[in-house]
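Note that the structure is a prediction, hence the values are computed from the model and not measured.
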Amino acid sequence: MYLQRRFIPFLIVVLPSFPCYYSLLGKPNYSVSKKIDKVGIRSLASFQTVNVDDYGDKGDATEEAWKVACSFRGSVLVVPKNKNYLLKATTFEGPCKSSITVKIHGTVQASADRSAYSNNMSRWLVFKDVHNLAVQSGGTINGNGKIWWKNSCKVNHAPPCKNAPTALTFYYCKDLVVKNLKIKNAQEKHFSFEKCVGVLASGLKITAPKDSPNTDAIHVTRTQNIQISSSVIATDDDCISNVSGSRKVQATSINCGPGHGISIGSLGSRNSEAHVSDITVNGATLSGTTNGVRIKLWQGRSGSASIIKFQNIKMHNVKNPIIIDQKYRDQRKPCKSQSRAVQVKNVLYQNIKGTSSSNEAIKLVCGEKFPCRGIVFQDIDLRLGEGKSAKAVCNNAKVTKKGLFLQAAVESIDLIFLY
């Protein structure tokens with residue numbers, strides 16, 4: 001199909017369908033709910049529709065249409081059905097005069113020419129410093145990542161490791177709604193929420209093949225008050241990764257697999273101090289993943305990962321259903337033992353059931369000087385195939401067990417496992 005160098009910006013400030021977010025997600029506690037209330041009372045007569053097709057077929061039509069839409073008090077940026085739009089690296093920058101809704105009904109596809117990213121090798125599509133933004137889709141965003149995957153150092157070990165572009169980045173956005181987006185084959189990460197406040201993300205479908213390295217589905221960094229719900233994810237890396245600066249993150253009704261599971265971290269890479277807190281995953285199904293719910297931290301760093309809850313999770317043939325790795329490394333060379341570590345504390349695992357593809361369904365690898373503290377297991381029923389018992393291996397972790405624990409009913413006890 002002929003690809004036009006067009007993008008259809010389409011910004012709606014108020015949609016009558018916005019109140020349905022309450023029924024889908026429940027009324028959120030975050031400030032983004034105030035945005036939805038305001039949007040719901042605006043008049044449709046105030047909307048301005050901006051179509052990229054009206055701005056020609058040159059590569060800069062997208063940016064020109066965005067500038068016009070951003071200048072209106074209520075506008076719509078549209079990608080029509082049954083059309084493909086080929087885009088180079090593009091930034092849609094605010095602040096704008098009012099709320100904006102972007103609707104993508106057709107296909108937006110990344111250029112396969114790596115020189116198209118000469119101005120920004122780390123990001124493809126970026127929404128920067130936009131408040132009261134809603135992005136909706138009935139179409140597809142295609143990162144066209146194959147050319148990047150085959151040049152990854154995880155596939156070809158000869159060249160040095162270099163980052164590939166993130167497909168869709170929300171940077172410094174506030175009161176953001178992302179709904180029903182279908183995104184596939186990212187160059188590297190699919191979504192990244194960076195330094196955002198007040199996010200509702202629901203109905204996402206994210207896919208990439210098994211041989212697509214580093215294709216994290218949803219990456220959350222330095223972002224506060226974010227809800228991710230009702231999403232289906234199948235990639236070759238983390239379904240959700242929460243890294244330093246993430247606070248008040250809720251993930252519900254997540255279907256994950258294949259991939260690397262749902263992660264906190266990695267934290268503390270490149271000698272950094274890292275903090276995450278108040279992270280909740282409540283209601284998830286993981287199938288055929290290499291990990292289930294994982295906390296991964298580099299040695300020799302500082303910071304904390306605290307107030308974390310993993311609740312009501314089903315595992316199907318998951319290799320490492322529950323894992324804390326305070327000695328994580330993502331490199332071929334072994335790491336020397338270090339005296340410092342990111343502290344892990346106050347983590348709840350509750351009502352987690354299913355099957356493990358490895359004998360060790362629970363693995364806590366914590367340091368001697370900074371042991372993991374306040375780890376609570378409640379009603380954990382993880383087994384091998386055919387109902388056989390799985391094992392728990394815990395190094396330097398203070399653990400409380402309640403209810404069922406690996407097929408054994410136990411009283412509430414407090415133990416320190418030091419192996």
Taking C-beta and beyond as the side chain, do Arg294 and Asp238 meet within less than 4.5 Å on heavy atoms?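 Side-chain contact under 4.5 Å: yes.
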Is it the case that the side chains of [Y] and [X] hold a donor-acceptor pair, with the cut-off being a distance below 3.5 Å and no angle test?
X: Thr49; Y: Asn51; answer: no
X: Tyr117; Y: Gln187; answer: yes
X: Asp113; Y: Ser115; answer: yes
X: Glu194; Y: Ser192; answer: yes
X: Thr215; Y: Asp236; answer: no

Could you tell me the separation between the [atom1] atom of [X] and the [atom2] atom of [Y], rounded to the nearest 0.5 Å?
X: Trp149; Y: Asp211; atom1: CH2; atom2: CG; result: 6.5 Å
X: Thr91; Y: Arg123; atom1: OG1; atom2: CZ; result: 8.0 Å
X: Ile380; Y: Ile362; atom1: CD1; atom2: CD1; result: 6.0 Å

Mark yes or no for whether [X], through its side chain, and [Y], through its backbone, hold a donor-acceptor pair below 3.5 Å.
X: Thr223; Y: Val220; value: no
X: Trp124; Y: Ala110; value: no
X: Thr355; Y: Asn317; value: yes
X: Gln326; Y: Gly367; value: yes
X: Ser231; Y: Leu204; value: yes

What verdict does the side-chain hydrogen bond (donor to acceptor under 3.5 Å, both in side chains) test give for Asn291 and Asn320, after you've listed the backbone C-alpha separation in whole Å, the side-chain angles of each residue and the deciding distance to 0.1 Å? CA-CA 5 Å; Asn291 302 287; Asn320 298 298; 3.3 Å; yes
Quick one: do Ser266 and Trp298 satisfy side-chain hydrogen bond (donor to acceptor under 3.5 Å, both in side chains)? Show the steps, please. CA-CA 7 Å; Ser266 64; Trp298 291 77; 3.3 Å; yes
Axial cation check for Tyr172 ring with Arg222, 6.0 Å and 45° limits: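 Because its charged atom misses either the 6.0 Å distance or the 45° angle limit, Arg222 does not stack over Tyr172.
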Tell me whether Cys366 and Cys394 have SG atoms closer together than 2.5 Å.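 Taking the criterion (SG atoms under 2.5 Å apart), Cys394 and Cys366 fail it, so no.
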Between Cys256 and Cys239, is the SG-SG gap less than 2.5 Å?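 A disulfide is present here, as the SG pair of Cys256 and Cys239 is separated by less than 2.5 Å.
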Identified side chain to side chain donor-acceptor pair (under 3.5 Å) counterpart of Asn312 within the set Thr252, Asn351, Asp379: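 When side chain to side chain donor-acceptor pair (under 3.5 Å) is applied between Asn312 and each of Thr252, Asn351, Asp379, only Asn351 qualifies.
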Between Phe170 and Phe191, what is the ring plane arrangement, given parallel below 30°, perpendicular above 60°, and tilted in between?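 Parallel: the ring planes of Phe170 and Phe191 meet at under 30°.
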Chi angles and distances behind the side-chain hydrogen bond (donor to acceptor under 3.5 Å, both in side chains) call for Thr280, Asp278: CA-CA 7 Å; Thr280 298; Asp278 201 357; 4.5 Å; no
